[in-house]
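Hydrogens, waters and symmetry mates are skipped; everything else that's a heavy atom, side chains included, is used. Counting convention: from 1, in listed order, for ligands and their atoms alike.
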Amino acid sequence: MKHLLKLSDWSTQDIIDTLNLADQLKYEKKNGIAHKHLEGKTLGMIFEKSSTRTRVSFEVGMYELGGHPLFLSSNDLQIGRGEPVEDTARVLSRFIDGIMIRTYTQKEVEDLASYGSIPVINGLTDYAHPCQVLADLMTIREHKTLLEGLKLCFIGDGNNMANSLIVGGIKMGMEVAIACPGDYKPDAALMKWASENGKFTCTDNILEAAKDADVLYTDVWASMGQEAEANERKKIFKDYQINNSVMAVAKSDAMVLHCLPAHRGEEITAEVFEAHANEIFDEAENRLHAQKAVLVKCMGD
Ligand code: CP
Ligand code: NVA
């Protein structure tokens, strides 16, 4: 049984196969070719945090694959009242064919997978956002033709997005440069793995990280669950912004990506955002195609 709990569990070949299938499903959708690979199957989608893109793309994706999406807000589930994840996992496994979960701890996602008997897909934790990074890699490949050898620079907080970009980028042969404040570095074990398996740097020097980058990426300064720290984070992260000075040191044809939602004037200027809106909204669209590929890979026959 195949889960997508974090990208480090997947091989480079798994990622390539998923990106290829995502391209094919995108083509089929645009050309009106049916691709109902999950007819009769139900995906439960547990959300313990807000979402626009993840919720809509999984829900539409399941529908387009011929299956049924079931939105399960933690406010309405007994899990929100303290029913253990190990019981929820075993109950849901009797009813449905797969689970997508967006929550806080990575442990909850791993527990769901180990107690349940159906595929589990991570729709974002504080630690990782693998579905987003598959869509990101798909978008970069669409715009740049290939991934290997490109320099990917992430500017911002070293949490879920940075962690998953490191894994996805290094597995696909990209150079990954992270710029973040010293106390907000990505996961130490992942950084060690990246240094041993590819070209990886982590610095607090934004211009050094962005130099000659092919892709610049950023994310919010305060993630979901960190709202109380937002003011303090505005001070800590104030220089960690994609703006014209950063664009000036990157390659002249550098792409800009953002997982969204974006805060213009914080992690990215409105000017840079609008100049690269085409890439950023291709990236958002590709959540649908990439996740349909993940659903087929995890839940298909
Ligand atoms: N990028 C992303 O995961 O967006 P949502 O929070 O809207 O799902
Ligand atoms: N780091 C952000 C990503 C949102 C898609 C968060 O966790 O809120």
Side-chain angles (χ1 to χ4, degrees), residues 4-7 22 43 45-62 69 71-74 99-109 121-140 154-168 178-181 183-187 190 215-230 232-234 236-237 240-242 256-264 266-268 273 276-277 279-292 294-295:
L4 177 55
L5 308 180
K6 54 190 183 300
L7 224 38
L43 175 76
M45 311 189 303
I46 304 175
F47 281 92
E48 300 191 25
K49 290 175 173 171
S50 305
S51 171
T52 297
R53 280 144 289 270
T54 306
R55 186 210 163 153
V56 177
S57 54
F58 267 107
E59 189 155 341
V60 172
M62 261 324 262
F71 175 68
L72 302 168
S73 162
S74 62
I99 300 173
M100 189 246 63
I101 178 165
R102 165 167 288 198
T103 188
Y104 294 88
T105 68
Q106 183 67 22
K107 184 175 182 304
E108 187 176 347
V109 178
I121 299 167
N122 180 346
L124 179 144
T125 60
D126 293 344
Y127 173 75
H129 198 0
C131 292
Q132 177 69 54
V133 168
L134 290 168
D136 300 339
L137 294 171
M138 177 181 179
T139 311
I140 299 167
F154 174 87
I155 298 174
D157 191 8
N159 65 346
N160 43 21
M161 280 316 314
N163 286 338
S164 294
L165 284 166
I166 291 171
V167 179
I178 305 285
C180 62
D183 291 338
Y184 295 84
K185 286 189 182 147
D187 180 78
L190 282 184
V215 185
L216 291 163
Y217 200 116
T218 191
D219 181 18
V220 292
W221 291 340
S223 287
M224 289 181 274
Q226 298 172 336
E227 289 77 9
E229 299 170 31
E232 189 196 342
R233 283 172 168 268
K234 273 185 190 160
I236 297 165
F237 283 92
Y240 290 82
Q241 181 189 64
I242 302 187
V256 175
L257 295 180
H258 192 309
C259 54
L260 303 174
H263 292 87
R264 291 164 177 79
E266 293 187 15
E267 74 276 3
I268 189 165
F273 185 97
H276 292 271
E279 295 150 9
I280 293 168
F281 292 106
D282 278 352
E283 176 190 16
E285 178 190 331
N286 284 340
R287 294 293 303 280
L288 173 67
H289 311 298
Q291 281 156 207
K292 282 165 75 178
V294 170
L295 287 166

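With a 4.0 Å heavy-atom cut-off, ligand 1 is reached by the side chain of Arg287 but not by its N, CA, C or O. At a heavy-atom cutoff of 4.0 Å, ligand 1 is contacted by the backbone of Leu260 but not by its side chain.
Evaluated by nearest non-hydrogen atom to atom 4 (C) of ligand 2, the leading choice among Asp126, Asn159, Asp157, Leu124 is Leu124. Comparing Asn160, Thr52, Asp219 by heavy-atom distance to atom 7 (O) of ligand 2, the nearest is Asn160.
Backbone and side-chain nitrogen or oxygen atoms of Lys49 are examined, and none is located within less than 3.5 angstrom of a nitrogen or oxygen of ligand 2. Polar contact with ligand 1: absent for Pro261 (N/O pair, distance under 3.5 Å). Residue-to-ligand polar distances place Thr52 within reach of ligand 1: an N/O pair is separated by less than 3.5 Å. For Arg102, a nitrogen or oxygen atom sits less than 3.5 Å from a nitrogen or oxygen atom of ligand 1, counting backbone and side chain alike.
The closest protein non-hydrogen atom to atom 8 (O) of ligand 2 is Met224 N, 2.8 Å.
A distance of 9.5 Å separates CG in Asn122 from OG1 in Thr103, rounded to the nearest 0.5 Å.
Here the side chain of Arg102 pairs a donor or acceptor atom with the backbone of Gly123 at under 3.5 angstrom.
Contacts classified as salt bridge (charged side-chain N to carboxylate O under 4.0 Å, His left out) and involving residues 48-59 (residues at least two apart or in different chains) are given here: Lys49-Asp126, Arg55-Glu59.
Those atoms of ligand 1 with a heavy atom of His129 less than 4.0 angstrom away are 2 (C), 3 (O).
Within the 4.0 Å heavy-atom cutoff, Leu260 counts among the residues contacting ligand 2.
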